[in-house]
Amino acid sequence: MFKIAILGGGVVGSGVADILIDKSKALSERFNKDISLKYVLDIRDMTGTKYEPYYTNDKEVVFGDDEIKLIVVTIGGLDLAADFCRRALKSGRHVVTSNKEVVAAVGCELTLLADENNVRFLYEASAGGGIPIIRPLNLCLASNDIYEINGILNGTTNYILTCMYQDRLSFDVALKNAQAAGYAEANPSADVDGFDAARKIAILSSISYNKFVDYKDVKCMGIRDVIYDDHEFAAGAGYAIKLIAGSRNTDKGVTISVEPKLVPKTNMLAAVNSVYNAVLVKGSYTGDTLMYGQGAGKHPTASAVVGDIIDVLTDACKQSIPGFVNSNAVVIEDKEETSKYYVRISIENHDNESDELKAATVKCFGNGASFLGASLSNNNIAALITDMCTAEEFDKKLSDFCDITGAKAEYKLKVIN
Ligand code: HSE
């Protein structure tokens, strides 16, 4: 008998409990192993709920029970969750977690601890929610040199950006809608400032490049400063604005960032809307591989957790320790990287002078640059997209443009080709 305890009966934990309650019998038959849920630990009283038969608020009951072979850690935050993982692994239990803070901060330590204790530490649900991404990177794509990943890894910000464009909303109103819909937290910082996506891209990059990428090295810019007009300008030029978590593995080191970017409508990531996530992985043999699905939410995330449970149960993917626990990535800023840039400018003294601005755009930013005109709703703001240039060249060109035209640069974003 393979009994399971869930530490944390919140959204994901109760989702895992739902699936185990509904599916244990079918899964036991299918994999010819007897699994069942025994405990859901939470400090909130769960009596009177469907989880009552499993409910305990005493962690010693869980850790003292020899029937428990696998512990699911679904509580949030770092310290307590990491301590629960350590204790479970040291006591010879497998650990499955959805907690990306734990994986991004102490995933290497916990992987080694699991190995020392001859058990597994798995975390498919920590990046991309219900999308199978960690196991495909670890196994299915293992023969590839993966050299680039670009993803939409945060459902809340993708929902906000989608609502802003589709419903012509300000960031503040779209954020309130996301909170009312239960996606954004009362304190939305982890999502809207990009920190959640930073942890996820650090985890995926570590696995893909086989060296540990510290989430604290991720260059991070959130979506608070995007305004409705930016979406209008971008759409008019054939782009969508998305919060892109991306990294590249170069000879010099790893570049990694989370920032809103203009994505061409021909790129599949541009069509990923609402709370959906997608990850586009470039591999040496596969070329582009896109994985798409629900990156958050109770049952999609719980489905990934249960996938890890099945993996442990069947020993399906038992493997040696991934290389990233033994070597650290050098994170660099690639100063030679070129990109087009989108710039929103204020043009208060430029009514009806778009010809001058159009000419200055091409003069300063090159023949491939385009002036996008003034906003339909606010004549005092306009936007342009530059030709390809490095970040340093861009700063210089923008300063020249502002000097020539008297326009003020309000907001800048990179444009994906
Ligand atoms: N807050 C996260 C999101 C939850 O919106 O994607 C899943 O990690």
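Just so you know, ligand 1 is whichever comes first in the structure, and atom 1 is the first atom listed for that ligand. A quick note: this is a predicted structure, and the numbers were derived from the prediction, not measured.
Arg120 CZ to Leu110 CG: the interatomic distance, rounded to the nearest 0.5 Å, is 15.0 Å. Interatomic distance, Asn326 CG to Thr111 OG1, rounded to the nearest 0.5 Å: 10.0 Å. Within the model, atoms CG of Leu153 and CG of Leu204 stand 6.0 Å from one another, a figure rounded to the nearest 0.5 Å.
Taking only nitrogen or oxygen atoms, main chain and side chain alike, Asn277 does not reach within less than 3.5 Å of ligand 1. At least one N or O atom of Lys200 sits closer than 3.5 Å to an N or O atom of ligand 1.
Listed by atom number, the atoms of ligand 1 under 4.0 Å from Asp196 heavy atoms are 2 (C), 8 (O).
Between Tyr209 and Phe324, the gap from one ring centroid to the other reaches at least 6.0 Å. Taking the six-membered ring for Trp and the full ring otherwise, the centers of Tyr159 and Tyr183 sit less than 6.0 Å from each other. Aromatic ring centroids of Tyr39 and Tyr54 lie 6.0 Å or more apart.
The backbone and the side chain of Asn154 each have at least one atom closer than 4.0 Å to an atom of ligand 1 (non-hydrogen atoms only).
Taking atom 4 (C) of ligand 1 as the reference point, the nearest protein heavy-atom neighbour is Ala296 CB, 3.8 Å. Of all protein heavy atoms, the one lying nearest to atom 8 (O) of ligand 1 is Lys100 NZ, 2.6 Å. Atom 2 (C) of ligand 1 has Asp191 OD1, 3.6 Å as its closest protein atom, hydrogens excluded (heavy atom only). Among protein heavy atoms, the minimum distance from atom 5 (O) of ligand 1 is reached at Thr156 OG1, 2.6 Å.
With Asp230 contributing its side chain and Ile227 its backbone, the two residues share a donor-acceptor pair below 3.5 Å.
By the 4.0 Å heavy-atom criterion, Gly295 is counted among the residues contacting ligand 1.
Between the choices Ala197, Pro300, Ala190, Gly155, the shortest heavy-atom distance to atom 6 (O) of ligand 1 belongs to Gly155.
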